[in-house]
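Step one of this worksheet: look at the structure below.
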Amino acid sequence: MASPSPKKPELEGKEVVICIGGGVLTIILLFIFAKRQIMRFALRSRRGPHVPIGHDSTKSFKREIERRIEVIPKILYEPKMIPDDDSCYILPPDSHLKPFYCRLKAVDDIKLLEAAITKHDPSLVRHPAENLRAYLLNTLAAPLNGAGQRIVHQFCDLYEHARYDPAEFADEEYQAYSRLLLKLIDAAKLLKYNGSNRKVSPSRTLMKKTNPEKMRNILEAKFKETKVCDDVNAADKPSLDNPETHV
């Protein structure tokens, strides 16, 4: 007779428990490792600190902190380039202005046009982040009747030249810019207020109330004064009685 084959050893109860425990422990360790890796990649791709904001605080407090942080990129301000009381630009007739003076004046003069527009329609306030070309085409579309849109494009091209282009922006370019500015201010006077035309967004800032007619007269006076000074210097005539001329 053939001898019976030896039986395979069966696992005891303790060994089975140890195997199951080792498998469960391995799964838990893999889960923890995967979770830490996912959190690490998430923190690297996120624009923010690695430490959670508002740690151990209430959910409402965390939401308020995140809301205020998200509002920061929307806070914009366009300062006045040349203060009214700046005496460094009061020069004798024979002296020359600094090369960047015309650029600063061109950037400041855009506020005159915005003030003239908001005077006739207070809802048409331009936010600093809003594109100037699109703003003027939308607000002055009715008074310009389509044909005057070329003036808007020429004006915006000179404005972008003064603000961004490294090429020279001298007095000649500024005079052309001023003539177009006066035409757009005259077009803004034809605006009619309609409260339902445009709603004011909460993100829009309130503009300081100014008198556009007064500022327009000042701009025209400076424009005429500059022409007189150029004619005097070209003809080599003696200067005026006033030893200082405000440019």
| task | Please assess Arg67 against Glu64 for the test salt bridge (Lys or Arg N to Asp or Glu O under 4.0 Å), listing each intermediate value before the final yes or no. | result | CA-CA 5 Å; Arg67 186 189 68 81; Glu64 181 63 20; 2.7 Å; yes
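Here the CD1 atom belonging to Ile110 is positioned 9.5 Å from the CZ atom belonging to Arg163, to the nearest 0.5 angstrom. Separation of atoms CG (Leu25) and CD1 (Ile18) is listed at 13.0 Å; rounding is to 0.5 Å. In this structure, the separation between CD1 on Ile32 and CD1 on Ile27 is 12.5 Å, given to the nearest 0.5 Å. Taking CD1 of Ile38 as the start and NZ of Lys35 as the end, the distance is 9.5 Å to the nearest 0.5 Å. Between the CD atom in Glu66 and the CZ atom in Arg63 there is a gap of 9.0 Å [rounded to 0.5 Å]. Distance check, rounded to the nearest 0.5 Å: CZ of Phe155 to CD of Glu160 gives 10.5 Å.
Atom CD of Glu172 has 12 or fewer heavy atoms from other residues, nucleotides or ligands within 6.0 Å.
Linking ILVMFWY side-chain heavy atoms closer than 4.5 Å, directly or via other members, places Val24 and Val16 in a single hydrophobic cluster. When the side chains of ILVMFWY residues are joined at heavy-atom separations under 4.5 Å, either directly or via intervening members, Ile185 and Leu190 end up in two distinct hydrophobic clusters. Residue Met81 is not grouped with residue Tyr164 when hydrophobic side chains (ILVMFWY) are merged at heavy-atom distances under 4.5 angstrom, including chains of intermediate members.
In terms of modelled atom types and a separation under 3.5 Å, the side chain of Arg103 and the main chain of His161 share a donor-acceptor contact.
What you find for Leu181 and Leu113 is that their closest heavy atoms are CD1-CB, 3.7 Å. Pairing each heavy atom of Leu140 with each of Ala188, the nearest pair is CD2-CA, 4.0 Å. Across Ala176 and Leu158, no two heavy atoms sit closer than the pair C-CD1, 4.1 Å. Minimum heavy-atom separation, Cys156 to Leu136: SG-CD1, 3.9 Å. Nearest heavy atom pair, residue Glu168 against residue Ala170, reads OE2-CB, 3.6 Å. Shown here for Val125 and Glu130, the closest heavy-atom pair between the two residues is O-OE1, 4.2 Å.
Using a 4.5 Å cut-off on side-chain heavy atoms (C-beta onward), His127 and Lys74 make no contact. Lys183 is not listed as a side-chain neighbour of Gln154, based on a closest heavy-atom distance of 4.5 Å or more. Residues Arg150 and His153 are not in side-chain contact: their nearest non-hydrogen atoms beyond the backbone lie 4.5 Å or more apart.
Contacts of Ala106 classified as side chain to side chain contact (heavy atoms under 4.5 Å, CB included), with partners at least two apart in sequence or in another chain: Ala162, Phe169, Tyr174, Tyr177.
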